[in-house]
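Take a look at the structure set out below.
Side chains are part of it too, since the values below use all heavy atoms of this structure and drop only hydrogens, waters and symmetry mates.
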Protein chains: 2
Amino acid sequence: MALLNLSKIIKHRRDVLKITQEQLAEMAEVGLRTLKSIENGKGNPTVSTINKLAKVLGMELKLEIKKTGF
Amino acid sequence: MALLNLSKIIKHRRDVLKITQEQLAEMAEVGLRTLKSIENGKGNPTVSTINKLAKVLGMELKLEIKKTGF
DNA sequence: AGCAAAAGTGTATTATATTGCATTTTTATT
DNA sequence: AATAAAAATGCAATATAATACACTTTTGCT
């Protein structure tokens with residue numbers, strides 16, 4: 001999963017849940033600036049930061065064997 | 001996905017593929033010390049590091065909506 | 001248009017991930 | 001047991017993620 005996708009997924013999910021960046025940042029205990037950077041595809045977040053956000057977003061980070069395209 | 005699981009999954013997958021830490025680190029262009037730390041559950045890797053390893057391991061990092069327990 | 005809330009950006013600081021190198025420990029093979 | 005390969009660990013240097021704060025821009029509403 002490319003970093004770009006990660007940012008899109010987080011932003012989209014946040015939009016669906018109708019919460020602001022401030023709210024998500026606070027609930028996830030992640031810096032607001034950090035969340036903004038992630039949603040804008042800047043930087044390279046750590047797994048723990050993504051996990052914190054995922055938890056609040058009702059999501060999970062998975063590492064799986066890639067399905068072979070058919 | 002907890003960080004602990006991530007390390008286990010990577011180590012297990014590497015074992016299945018029968019490659020050494022040195023080989024994986026070189027192929028993934030990740031520092032050997034970094035890979036060792038990850039496999040031993042130390043630290044908090046960045047998404048890009050996990051992605052580099054995943055690529056070589058034929059895996060992928062996914063961020064998905066959590067299935068509700070039944 | 002005017003306003004307010006939300007989102008985006010620039011910069012500096014702090015914390016820590018990544019890395020190489022040297023060394024030790026463990027594992028596996030003969 | 002001796003050896004060799006693989007893995008683990010300690011340490012120091014460098015790169016950069018996380019963060020706060022101030023400010024600008026965009027968005028949406030009346």
>> Determine whether A:L61 and B:L61 satisfy the following criterion, side chain to side chain contact (heavy atoms under 4.5 Å, CB included), listing intermediate values before the conclusion.
In response: CA-CA 7 Å; A:L61 197 57; B:L61 197 58; 3.9 Å; yes

> For the atom pair CG (A:L24) and NZ (A:K11), what is the distance rounded to the nearest 0.5 Å?
Replying inline: 11.0 Å

> Once you build an axis from the first five pairs and another from the last five of the helix from C:dA1-D:dT30 to C:dT30-D:dA1, how far apart in angle are they, to 10 degrees?
Replying inline: 60°

> Where along nucleotides 5-22 of chain D does protein come under 4.0 Å, by heavy atom, of base (B) or sugar-phosphate alone (S), with - for untouched nucleotides?
Replying inline: -SBBBBB-----SSBBB-

>> Treating A:N44 as the side-chain partner and B:T46 as the backbone partner, does any N or O pair qualify as donor plus acceptor under 3.5 Å?
In response: no

>> With rounding to the nearest 0.5 angstrom, report the CD to NZ distance, A:E22 to A:K36.
In response: 7.0 Å

>> Working to the nearest 0.5 angstrom, can you tell me the gap between B:L35 CG and B:K52 NZ?
In response: 12.0 Å

> Does B:K62 come within less than 4.0 Å of A:E64, counting only side-chain N to carboxylate O?
Replying inline: yes

>> Show, in sequence, the C-alpha distance, side-chain angles and deciding distance for B:T49 and A:V47, and conclude whether the side chain to side chain contact (heavy atoms under 4.5 Å, CB included) test is met.
In response: CA-CA 10 Å; B:T49 295; A:V47 169; over 6 Å; no

